[in-house]
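Worksheet for the structure shown next.
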Amino acid sequence: MASIQKLDNKKGVSYRVQIRRKGLPNIYKTFLTKKQASLFALKLADSVKDHQAYSSKLTFDELIEHYLTNEYLGTKPQMQRSRLNHWSRVLANKAVNDISRSNIEFGLR
């Protein structure tokens, strides 16, 4: 079940989405507009799979290890690992869901 709360704070008005489902972790996210909050709530409220993916605390380093050990089918795993080491240094132990466009732009510089 999703609910949207209007918050009055020092910077103005913002909207907090709260999504609660039995057996899954609660999700809280704040938006500047009610339209953004509503779209986010609609996206996650309908799908259990999306809810689980969003609330995952998988770190980027864990994702890299899983990819290299289970998914990578190339012939040069050492070269792939060295390329991914750059991103591991940039993104450190950041949760995959918390990686933003600015993090990627920083890593590309």
Side-chain angles (χ1 to χ4, degrees):
M1 180 176 139
S3 64
I4 299 175
Q5 300 171 325
K6 182 179 179 180
L7 303 172
D8 294 315
N9 49 33
K10 294 177 184 177
K11 295 181 180 180
V13 176
S14 59
Y15 298 87
R16 179 174 49 206
V17 176
Q18 176 184 2
I19 301 174
R20 297 174 56 178
R21 287 188 147 199
K22 187 175 183 177
L24 295 172
N26 296 337
I27 295 176
Y28 302 94
K29 187 162 172 98
T30 305
F31 296 92
L32 295 176
T33 65
K34 188 171 184 177
K35 183 176 181 178
Q36 290 174 330
S38 297
L39 291 173
F40 178 78
L42 285 174
K43 179 182 174 188
L44 291 184
D46 293 339
S47 172
V48 171
K49 188 175 182 178
D50 288 342
H51 186 111
Q52 288 173 329
Y54 186 82
S55 61
S56 172
K57 296 299 176 194
L58 180 69
T59 65
F60 190 72
D61 287 339
E62 292 169 341
L63 181 65
I64 288 173
E65 284 305 314
H66 175 75
Y67 170 71
L68 290 174
T69 57
N70 301 317
E71 304 296 327
Y72 181 68
L73 300 175
T75 58
K76 299 179 181 177
Q78 289 302 95
M79 186 169 69
Q80 189 71 9
R81 181 176 292 282
S82 68
R83 290 176 178 170
L84 289 171
N85 280 339
H86 165 73
W87 290 105
S88 180
R89 286 189 301 275
V90 171
L91 300 173
N93 288 321
K94 200 168 195 67
V96 174
N97 291 334
D98 296 336
I99 296 172
S100 66
R101 181 183 186 125
S102 61
N103 297 129
I104 301 301
E105 289 172 353
F106 177 76
L108 290 173
R109 281 188 246 132

Hey, could you give me the CD/CD1 distance between Gln80 and Ile64, rounded to the nearest 0.5 Å? 9.5 Å
If you count the non-hydrogen atoms of other residues, nucleotides and ligands that lie under 6.0 Å from CG in Leu39, is the total more than 12? yes
Qualifying residue, where the test is side chain to side chain contact (heavy atoms under 4.5 Å, CB included) with Asn103 and the options are Val90, Leu108, Leu91: Leu91
Please report the C-alpha distance between Phe40 and Ile19 in whole Å, then the side-chain angles of each, then the deciding distance to 0.1 Å, and finally whether the side-chain contact (heavy atoms from CB on, under 4.5 Å) criterion is met. CA-CA 10 Å; Phe40 178 78; Ile19 301 174; 4.1 Å; yes
Between Arg81 and Glu65, is any pair of side-chain heavy atoms under 4.5 Å apart? yes
Would you say Tyr67 has more than 12 foreign heavy atoms packed within less than 6.0 Å of its OH? yes
Taking all non-hydrogen atoms of both residues into account, name the closest pair between Trp87 and Ile104 and its distance. CH2-O, 3.7 Å
Which residues pass the side chain to side chain contact (heavy atoms under 4.5 Å, CB included) test with Lys6, sequence neighbours left out? Asp8, Val13, Tyr15
Donor-acceptor contact present, side-chain Ser38 to main-chain Lys34, <3.5 Å: yes
If you round to the nearest 0.5 Å, how far is CG of Asn85 from CG of Asp61? 9.0 Å
